[in-house]
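One-based numbering along the sequence shown.
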Amino acid sequence: MDSKHSALNARKQQATPRGVGVMCQWYAEKAENSTIWDAEGNQYIDFAGGIAVLNTGHRHPKIIAAVTEQLTKFTHTAYQVVPYESYVSLAERINERAPIDGPAKTSFFSTGAEAVENAVKIARAYTGRHGIVTFGNGFHGRSFMTMAMTGKTAPYKRDFGVMPAGVFHARYPVESKGITVDDAIQSIEDIFAEDVAAHDVAAIVLEPVQGEGGFNIVPAEFLKRLRALCDQHGILMIADEVQTGFARTGKLFAMNHYETKADLITMAKSLGGGFPISGVVGRTEVMDAPNPGGLGGTYAGSPIAVAAAHAVIDVIEGEGLCDRANVLGAELVSVLNNIKASSNVVTDIRALGSMVAVELETAEQAKVVQNHAMANGLLILTCGRSGNVIRFLYPLTIPTAQFREGLAILEQGFATLTA
């Protein structure tokens, strides 16, 4: 490692806590679309996208222009003190597009965890109940409530003491892991029988595609049966689309792939195109349950991030990024299928649009591929319960030639496992 990065890493060790885990040992200097340059001028093809934040790429010109224009007007008033039209019009645009039955309303926040916590608050206010059911291997955030909801102990919950009460974990249906739709439904029935009465449950929260859990895609049959179960017991269904939203899966929301509708949907990450904003959209009568003052936050719906989000929607629709997600995802899956056919390390390939993952036999194998990619200028992330899944979150605006260059590096990485 060069001296500049070594010096920075030494400073990092002294100035920041080890609990903030950092993957790269190099430091970003600038970025454009799907390329990141480090402090030494080395460049990397970005297949990580800031963990699903950059569906529209780094510094998209339309997003930069929108933010620059907003900077000339005002940067902050606190929407709850002095409101602004852009927040209202962004809510209108989300309400029109979200797969929610009937009239919808949207409230904005700053982070994905905030969105999930506020969805829980809204559900509890609407139902007058306390119980929350989530799923094993799900990820919902690092705040205390969302840690409790997250279905993985290390590193998210370990060492942080007692989690908030009222959260119960069901089994997420993953047939390749031997968990059928029947098994998953039965696990919810078991929770009702053993842990919390159904009439005390406010909401069941799930990711349509589990993010940190390994890109497990929810079966349509499970969603349909879950909806029926929720309706039977007066429970709300909440779809956590923090990672899946805004064209990643080939549709604006992953729930657009299904006939089943959620009552509430959380969003963040790529909504802001690199600026911190999140939100909850849901049925009007549900969203209106909290009293005035019950929702909000000092920076919630920042005018800078709201301007970025407007531009994000414009870019997704103007540049056909949902279609682009499907095209890129299909090409990646084809490459992964070829890799699987020529090696014995791939156990599964999962994809919905450009939310694509490949599962390997071991975490060590995934790390070898990841390290080879990094050494050759490609940034990729791992996930999954055992860390043996490689996930792909490249910008949907990535040039085709650069995308294929990244795929070639990936193939070389897998070749090292079979050499």
Side-chain angles (χ1 to χ4, degrees), residues 52-53 55-56 60 62-63 65-67 69-70 79 83-110 112 114-116 118-119 122-123 126 208-209 223 227 236-273 275-290 295-296 300-326 352-353 396:
V53 168
N55 291 353
T56 52
H60 192 288
K62 290 184 178 178
I63 296 172
V67 168
E69 181 183 358
Q70 183 59 46
Y79 177 78
Y84 28 93
E85 186 276 340
S86 58
Y87 182 115
V88 176
S89 57
L90 182 61
E92 290 171 337
R93 297 181 79 181
I94 296 295
N95 295 342
E96 289 169 3
R97 290 162 174 78
I100 297 289
D101 269 338
K105 289 189 175 183
T106 298
S107 183
F108 296 110
F109 306 98
S110 301
E114 267 189 279
V116 174
N118 278 279
I122 292 164
Y126 178 75
V209 184
L223 273 186
R227 178 75 268 175
L236 296 180
M237 182 195 293
I238 301 175
D240 182 343
E241 292 237 30
V242 168
Q243 189 163 162
T244 54
F246 298 93
R248 173 53 52 185
T249 68
K251 293 186 181 291
L252 192 63
F253 293 93
M255 289 299 290
N256 286 123
H257 289 278
Y258 302 94
E259 292 181 6
T260 303
K261 300 291 190 292
D263 299 294
L264 298 170
I265 297 173
T266 62
M267 67 198 90
K269 290 189 180 284
S270 277
L271 168 62
F275 293 85
I277 185 171
S278 64
V280 181
V281 61
R283 294 193 288 119
T284 290
E285 63 271 25
V286 178
M287 292 294 294
D288 277 341
L295 304 177
S302 155
I304 303 298
V306 164
H310 274 290
V312 163
I313 295 174
D314 291 342
V315 170
I316 288 172
E317 296 181 350
E319 298 184 14
L321 293 191
C322 288
D323 289 339
R324 178 75 171 152
N326 289 321
L352 191 61
L396 303 177

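A side-chain donor-acceptor contact under 3.5 Å links Asn95 to the backbone of Ala104. The backbone N or O of Ser110 sits less than 3.5 Å from a side-chain atom of Glu114, completing a donor-acceptor pair. Between the side chain of His257 and the main chain of Thr249, a donor-acceptor pair closer than 3.5 Å is present. A donor-acceptor pair is defined here as one N or O able to donate and one able to accept, closer than 3.5 Å; such a pair exists between the side chain of Asn55 and the backbone of Phe246.
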*asked:* Assess the residue pair Arg93 and Asp314 against the criterion (side chain to side chain contact (heavy atoms under 4.5 Å, CB included)); give the C-alpha distance rounded to whole Å, side-chain angles, the decisive distance to 0.1 Å, and a yes or no.
replied: CA-CA 11 Å; Arg93 297 181 79 181; Asp314 291 342; 2.7 Å; yes
*Can you list the steps and then say if Thr260 with Met237 is a side chain to side chain contact (heavy atoms under 4.5 Å, CB included)?*
CA-CA 10 Å; Thr260 303; Met237 182 195 293; 4.0 Å; yes
*Given the rule in the side chain to side chain contact (heavy atoms under 4.5 Å, CB included) test, do Leu236 and Val286 qualify, once you have shown the distances and angles that lead to the verdict?*
CA-CA 9 Å; Leu236 296 180; Val286 178; 3.7 Å; yes
*Determine, step by step, whether Tyr126 and Glu285 satisfy the side chain to side chain contact (heavy atoms under 4.5 Å, CB included) criterion, reporting the C-alpha distance in whole Å, the side-chain angles of both residues, the deciding distance to 0.1 Å, and the verdict.*
CA-CA 8 Å; Tyr126 178 75; Glu285 63 271 25; 4.0 Å; yes
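Across Gly273 and Thr56, no two heavy atoms sit closer than the pair CA-OG1, 3.9 Å. For the residue pair Gly353 and Asn326, the shortest heavy atom distance occurs at CA-OD1, 3.5 Å. Of all heavy-atom pairs spanning Ala52 and Lys269, the tightest one is O-CB, 3.5 Å. When every heavy atom of Pro208 is checked against every heavy atom of Ala254, the shortest pair comes out as CB-CB, 3.8 Å. Shortest non-hydrogen contact noted between Ala66 and Ala311 is CB-CB, 3.9 Å.
Annotation: the span from Ile122 atom CD1 to Ile238 atom CD1 amounts to 8.0 Å, rounded to 0.5 Å. Here OG1 of Thr244 is found 8.5 Å from CZ of Phe253. Values are rounded to the nearest 0.5 Å. Rounded to the nearest 0.5 angstrom, Ser270 OG and Leu252 CG are separated by 10.5 Å. Rounded to the nearest 0.5 Å, atoms CE (Met267) and CD (Glu241) are 8.5 Å apart. Atoms NZ and CD1, on Lys261 and Ile100 in that order, are 9.0 Å from each other to the nearest 0.5 Å. Distance check, rounded to the nearest 0.5 Å: OG1 of Thr106 to CD of Glu92 gives 10.0 Å.
Residues Asp101 and Arg227 are not paired through a salt bridge, judged by the lack of any N-O separation under 4.0 Å between the basic side chain and the carboxylate. Between Asp288 and Lys105, at least one side-chain N (NZ, or NE/NH1/NH2) sits under 4.0 Å from a carboxylate O, which counts as a salt bridge.
For the pair Leu90/Ile277, a side-chain contact is recorded, criterion being any heavy-atom separation below 4.5 Å from C-beta on. Between Asn256 and Arg97, every side-chain heavy-atom pair lies at or beyond the 4.5 Å cut-off. The shortest distance between side-chain heavy atoms of Val312 and Leu271 does not fall below 4.5 Å. Within the 4.5 Å cutoff, no side-chain heavy atoms of Glu319 are placed close to those of Leu396. Taking the side chain as every heavy atom from C-beta outward, Cys322 and Ile316 approach each other to under 4.5 Å. At least one side-chain heavy atom of Ile63 sits less than 4.5 Å from a side-chain heavy atom of Phe275. At least one side-chain heavy atom of Leu264 sits less than 4.5 Å from a side-chain heavy atom of Met287.
With sequence neighbours left out, Pro276 forms a side chain to side chain contact (heavy atoms under 4.5 Å, CB included) with no residue at all. Every residue meeting the ring pair (Phe, Tyr, Trp, His ring centres under 6.0 Å) condition with Tyr79, not counting sequence neighbours, appears here in chain and number order: Tyr84, Tyr87.
In this model, no donor atom of one side chain and acceptor atom of the other lie less than 3.5 Å apart for His310 and Ser86.
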